[in-house]
Amino acid sequence: MVELIACHACDRLYHLRPMDHGGVARCTRCGAVLYRQHCCGMITPLALSLATIILLALVNLFPLLTFKVGGQEQSVTLLAGVRALLRHGMGEVALLVLLTSILAPLLHTLALLHVLIPIHLRRQPWQGARVFKLALLLAPWAMLGVTMLAIMVAMVKLKQMAGVVPETALFALAALLPVATAVDAALDPHRVWERLEPQP
Amino acid sequence: MSATARQAGLLNCPVCHLLSPRGQRLCPRCRTALHPRKPHSLSRTWALLATAVILYIPANLYPVMTVTRLGRGEPNTILSGVAALIKAGMWPLALVVFVASVVIPLLKIVTLGYLAWSVERGSPWRPRERTQLYRLTETFGHWSMVDVFLVAILVALVDMGGVATITPGIGVSFFASVVILTILAARSFDPRLIWDPLDHD
């Protein structure tokens, strides 16, 4: 069974063949990506995930923007956005923002580290298959790129009213986006699954 | 070798892509429930899409936020927010917001509706292009969330009593629901259904 792969978009079966580094195998009839030959083993996604977690800490702990009007100043963090929505009785929207801009990126990265560090040390992670599955399921709900765009729109909108100053977390977020993309590119889920013991 | 996993009697795990023989209920590697196709794919897609269409109306009619400056309140809908950006001469940004919050949700609803309808009829027409269309709806769907994040940031940032305050409006709840419903609709649609009529002869 191991040497076969089915296209997730059209169900066609293929034999899995090793390719050159950076090679991409596409389904011949629907064009979906079947498999990528990744360059760098486990150490690169691991290193990039560590960078991600540090940047995520900065993004969440420091203010994103400071708004100045009439001698008053106000700074916000990501979490302040969630709290503000909650305060105005928008619980469900607050929950959605919490999940997509804070929890999903954080838990996704922590779950990856939980799996990648032991694998790199040639050990079995605790509940590895379950935690890696969680990481894969959370990935589409992490929307920091969209958050960044929203912050930029907010800055431009507020420029009309008064001064807006970008703060530490915004620079950290700008640095984080390419790193997070690099994690996706470097991580080979297929190889991780091969190294994980099946869930009992 | 048989052409498809289903014809070979194999189930493709949606999470880890391990192939298992038919009859297996859970993926032996990651414990995900296995099905030859996503269960009730079309009816779920239709139900989620219909709900999204209904909520799309209040999402655009009700203000997503109210900007109060020096005691004067000004409600903002999604479209009036775009209009304000254009009036301020920031048309590139207006275009980005317009595409993310108006064009993408609408296109997504129309595209998924078309795909579900074409599968319902068993259409053999251009399956490759229809699959690519599906992939697009999956890839760009989450950019519509930009308005929701925008409201969250502005409400937190602009809270200075009488001088300037921004409060969220009920429109943002409806709009967030539309975005989530279209994301869920895209995920419940199974693109393999596009190919099934071609594989069954």
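Every chain is numbered from 1, with letters handed out A, B, ... down the list of sequences.
Between B:H17 and A:H8, the ring planes are tilted. Angles from 30° to 60° get that label.
B:K38 places a side-chain N or O within 3.5 Å of a backbone atom of B:F189 that can act as its donor or acceptor partner. Put simply, the side chain of B:R69 never gets that close to the backbone of B:A164: no donor and acceptor are under 3.5 Å apart. Under the 3.5 Å distance criterion, the side-chain polar atoms of B:E120 are left unmatched by any main-chain donor or acceptor of B:L42. Without hydrogens or angle criteria, B:R128 side chain to A:T28 main chain gives a donor-acceptor distance under 3.5 Å. Distance alone, capped at 3.5 Å, is enough to place a donor-acceptor pair between the B:Y134 side chain and the B:A186 backbone.
For a residue to count as touching a neighbouring chain, one of its non-hydrogen atoms must lie under 4.5 Å from one of that chain's; by this rule B:I194 does not touch chain A. For A:R87, the part lying near chain B is the side chain, with the backbone staying farther off; criterion is any non-hydrogen pair under 4.5 Å. Interface remark: B:T131 contributes side-chain atoms only to the contact with chain A (heavy atom separation under 4.5 Å). Only the side chain of B:I180 comes within less than 4.5 Å of a heavy atom of chain A; its backbone N, CA, C and O stay farther away. Contacts between B:M145 and chain A at a heavy-atom distance below 4.5 Å involve backbone atoms as well as side-chain atoms. At a 4.5 Å heavy-atom cutoff, the contact between B:P168 and chain A is made by backbone and side-chain atoms alike. Residue contact with chain B, scored on non-hydrogen atoms closer than 4.5 Å, is absent for A:A94. For A:Q72, the parts sitting under 4.5 Å from any heavy atom of chain B are the backbone and the side chain alike. In this structure, the portion of B:V97 lying under 4.5 Å from any heavy atom of chain A is its side chain and not its backbone. Looking at B:L193, neither its backbone nor its side chain comes within 4.5 Å of chain A, counting heavy atoms on both sides. At a 4.5 Å heavy-atom cutoff, A:L78 makes no contact with chain B through either its backbone or its side chain. In this structure, chain B has heavy atoms under 4.5 Å from both the backbone and the side chain of A:I151. Residue contact with chain B, scored on non-hydrogen atoms closer than 4.5 Å, involves the backbone and the side chain of A:M143 alike. With a 4.5 angstrom heavy-atom cutoff, B:T32 touches chain A via backbone and side-chain atoms both. Only the side chain of B:V96 comes within contact range of chain A, judged by heavy atoms closer than 4.5 Å.
When each of A:A84, A:A150, A:P140 is scored by its heavy-atom pairs under 4.5 Å with chain B, the top score falls to A:A150. The greatest number of non-hydrogen atom pairs below 4.5 Å with chain A, out of B:E138, B:R187, B:E129, B:R130, is found for B:R187. Highest contact tally toward chain B, considering only A:H88, A:R29, A:M90, is held by A:R29 [criterion: heavy-atom pairs under 4.5 Å]. When B:A176, B:A100, B:C16 are compared by the number of non-hydrogen pairs under 4.5 Å with chain A, B:C16 comes out ahead. Contact tally against chain A (heavy-atom pairs below 4.5 Å) for B:V158, B:L26, B:I183: the top residue is B:V158. Ranked by heavy-atom pairs under 4.5 Å with chain A, the first of B:L157, B:T167, B:V146, B:V15 is B:L157. Annotation: maximal heavy-atom pairing with chain B below 4.5 Å, among A:P189, A:A6, A:C30, occurs at A:C30. Considering only heavy-atom pairs separated by less than 4.5 Å from chain B, the leading option among A:L136, A:V153, A:V82 is A:V153. Contact count against chain B (heavy-atom pairs under 4.5 Å) is highest for A:V93 among A:V164, A:L64, A:V93, A:V192. Annotation: maximal heavy-atom pairing with chain B below 4.5 Å, among A:M152, A:E92, A:K157, occurs at A:K157.
Between the CG atom of B:D147 and the CZ atom of B:F175 there is a distance of 5.0 Å, given to the nearest 0.5 Å. Atom-to-atom distance recorded for A:L34:CG and A:R12:CZ is 10.5 Å, nearest 0.5 angstrom.
Using a 4.5 Å heavy-atom cutoff, the side chains of B:L48 and B:S188 are in contact.
Heavy-atom neighbours of B:R135 CZ from other residues, nucleotides or ligands within 6.0 Å: above the threshold of 12.
Side chains of B:T111 and B:T137: a donor-acceptor N/O pair is absent below 3.5 angstrom, by distance only. Side-chain N/O atoms of B:D159 and B:T165 include no donor and acceptor closer than 3.5 Å. Side-chain contact of A:T66 with A:E167: a donor-acceptor pair under 3.5 Å is present, judged by distance alone.
We find that B:D196 and B:R37 are joined by a salt bridge, their nearest charged nitrogen and carboxylate oxygen being less than 4.0 Å apart.
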